[in-house]
Amino acid sequence: MAQMTMIEAIREAHDVAMAADDKVVVFGEDVGFFGGVFRCTAGLQEKYGKSRCFDAPINESGIVGAAIGMAAYGLKPVIEIQFADYVYPAYDQIVSEAARLRHRSNGDFTCPLVIRMPTGGGIFGGQTHSQSPEAIFTHVSGLKVVIPSNPRDAKGLLLAAIEDPDPVIFLEPKRLYNGPFDGHHDKPIESWKKHAQGNVPEGNEIVPLGKAHIQREGADVTVLAYGTMVYVAEAAAEETGVDAEVIDLRTLMPLDLDTIVESVKKTGRCVIVHEATRTSGFGGELMSLVQEACFYHLETPMIRVTGWDTPYPHAQEWEYFPGPGRVGEALRKVMKD
Amino acid sequence: MGSDTAPLSLNVPEPGCRPGDTPDFSDFEIPRAGEVGRPAVDVDPDSIRDMAFSIVRVLNKEGEAVGDWAGALSVDELREGLRHMMTLRTFDARMQIAQRQGKTSFYMQHLGEEAVSCAFARALQPGDMNFPTYRQAGLLIASGYPMLTMMNQIYSNAKDPLAGRQLPIMYSSKEHGFFSISGNLGTQFVQSVGWAMASAISGDTKISTGWIGDGSTAENDFHAAMVFASTYKAPVVLNIVNNQWAISTFQGIARGGVGTFAARGHGFGIASLRVDGNDYLAVHAVAKWAAERARLGHGPTLIEHVTYRAGGHSTSDDPAAYRSKQEAAAWPLGDPIERLKQHLIKIGEWSEDRHAQAEAEILDTVISVQKEAEAVGTLTGGKGPSPRDMFEGVYETMPPHLIRQRQEAGF
């Protein structure tokens, strides 16, 4: 076990995977010599050579398209899109190609590919460095969608994603890269170095895809969260005194519905939290699934706490961000109803 | 801004002729066969820039093979090539009719373009990978892929290797070096570069080929492929099949102000040339040159195959609505089957009688294969794939939500 930040954990997952398998190749904008703008691939080029870790031209659809060709050849590309906000030019390659290759060729060709990208806001990144586009990937059949919330999971889930035989969208909440963030932006930054979930197992220990983690056990209300919102929800529970069970979904596709249903049946209440915009967000899907499976166990209507349906603003970041105040309000409301 | 400035107007290019007009290809510059020489395979792309504005041709009007690019194929290979093209044309004709009979939903034929994929296939080695569009089935025919399997796919019957999931003619065969066709336009072009990069990363000796139509060169994927191929000097042969028409849109809409599609390669420092796409010998010779160049590590080549789509885009359009009916006959590069046939006759290795006999044999074979496929089923009759199949293979392991949905659907 070693204490590390999420950036270090992601870098180590690459290192472990590249050492174990020559077929793992890493590329993207600035990932080679410099090691990525967030340093997640630092040192890999020096250690594994330029043909296994290299810089790519600024062309996201080219990066993904080339990686699909490499995956079809038999390599395991792990590629970085510098910000999730930049993925849109690659959407066609992801949706029409990577996601469907296995199905349309009846397994003749497959696409074991990991597309990593920093997601979410809270860093004053404005509308081009803050978006949370997970729902545009969960909507696509053939993709897996993973969002870790801490260094331990980031390493284990990334290793699982690299081992996975299908394309995986790996969203890294950039606000959590250096420490857990409870949404109190005016407080000093906490580091992973002192946090239990910053304690990361050595070697090739995976965290399986499709398994949620109960971050905080509770009896009164189930909070479904992922990524940055996990610690916000945890803080809201502490601050309101509501005995909330916070579930970190970790993988949105495939989703661990069993854990969700079991919890909601126990608590009878459900609050869903995500940073992404509300309309057609993943929260809508979660609400449908809980309604379908737990309707007769629900004591109050479910509530979504999300980013507003606006472009991610710059100066108004903390009015946009669904912080512990708004989540706490929702907790109080479901308890009162 | 003074009042003496004239108002601007938008330039929208128009083709030379539309329905009712008389086709006129007098502006189309065609060099004599043999005129364009064959450079060394390690040539500096910069020193052959003129090749992007000329056309490599081997067969002349008299049916003789002339110039540097001639002589690469034996007589037997030429006869085999002729048979491949004739087979593809016959196969297409039968499947076109089958679609009209309602036995499948859709079909795309190669009429007039048979040489491009049939000749190219013979320049590759086992293990190489093509990333084709929907109009390169000659790559399969000429590498021995069974016609029966192709028809089973077209009919989406119980023996369709793709289990009924894909549109007709969107074949896939890793074994035959034929990457799964998506039906999207252009996406495969940069994937072919990625495959070639993977070969180089792995220290392999295999190469890949990318294919795109004249219209789709306007897609971002074309630019992406060129940048990646150029930057990483990928062992890839990038092919533009310029068949003059993108559905109803003439090639000038995608080409814009540049002289030729091949010339787009110059900005990337990629060896770029044009070939007479209706000349089996020229396509084969150029393909072999480019493949060797890639395999020896000299980098990518961009080939513009100059040809003509003599049929509709697919079974869903009527070309008479957007171009002159006489245009195909007026196309100055002729018909690829007729030209190879005349060449073989000229050198005393073929005759009209043998040709007629071969045509009859091929038709018999295709009809008997068709009967075999139809005995299994067509889209509308006989045995089809299981509905359960649509839930399989979305992922390697079916996730819980798909299992639930499959049960809900009753399969």
Could you tell me which portion of A/Asp108 (side chain, backbone, both or neither) has an atom closer than 4.5 angstrom to a non-hydrogen atom of chain B? both
Residue by residue, scan residues 167-176 of chain B and write down, ordered by number, those that have a heavy-atom distance under 4.5 Å to chain A; if none do, write 'none'. B/Ser172, B/Ser173, B/Lys174
Under 4.5 Å to a heavy atom of chain A? For B/Val394 that would be both
Tell me, side chain or backbone of A/Ala67 under 4.5 Å from chain B's heavy atoms, or both, or neither? neither
Which portion of B/Glu396 sits near chain A, non-hydrogen atoms under 4.5 angstrom: both
Where does A/Pro165 contact chain B at under 4.5 Å (heavy atoms): side chain, backbone, both or neither? side chain
Considering only heavy atoms, which portion of A/Ala71 lies under 4.5 Å from any heavy atom of chain B: side chain, backbone, both, or neither? neither
Heavy-atom pairs under 4.5 Å with chain B are the metric here; pick the option from A/Ile68, A/Asp258, A/Val25 that has the most. A/Ile68
Between B/Ser182 and chain A, which part of the residue has a heavy atom less than 4.5 Å away: side chain, backbone, both or neither? both
Which portion of A/Ile63 sits near chain B, non-hydrogen atoms under 4.5 angstrom: both
Honestly, the part of A/Lys23 sitting under 4.5 Å from a heavy atom of chain B is neither
Between the side chains of A/Arg52 and A/Asp22, is the shortest nitrogen-to-carboxylate-oxygen separation below 4.0 Å, so that they form an ion pair? yes
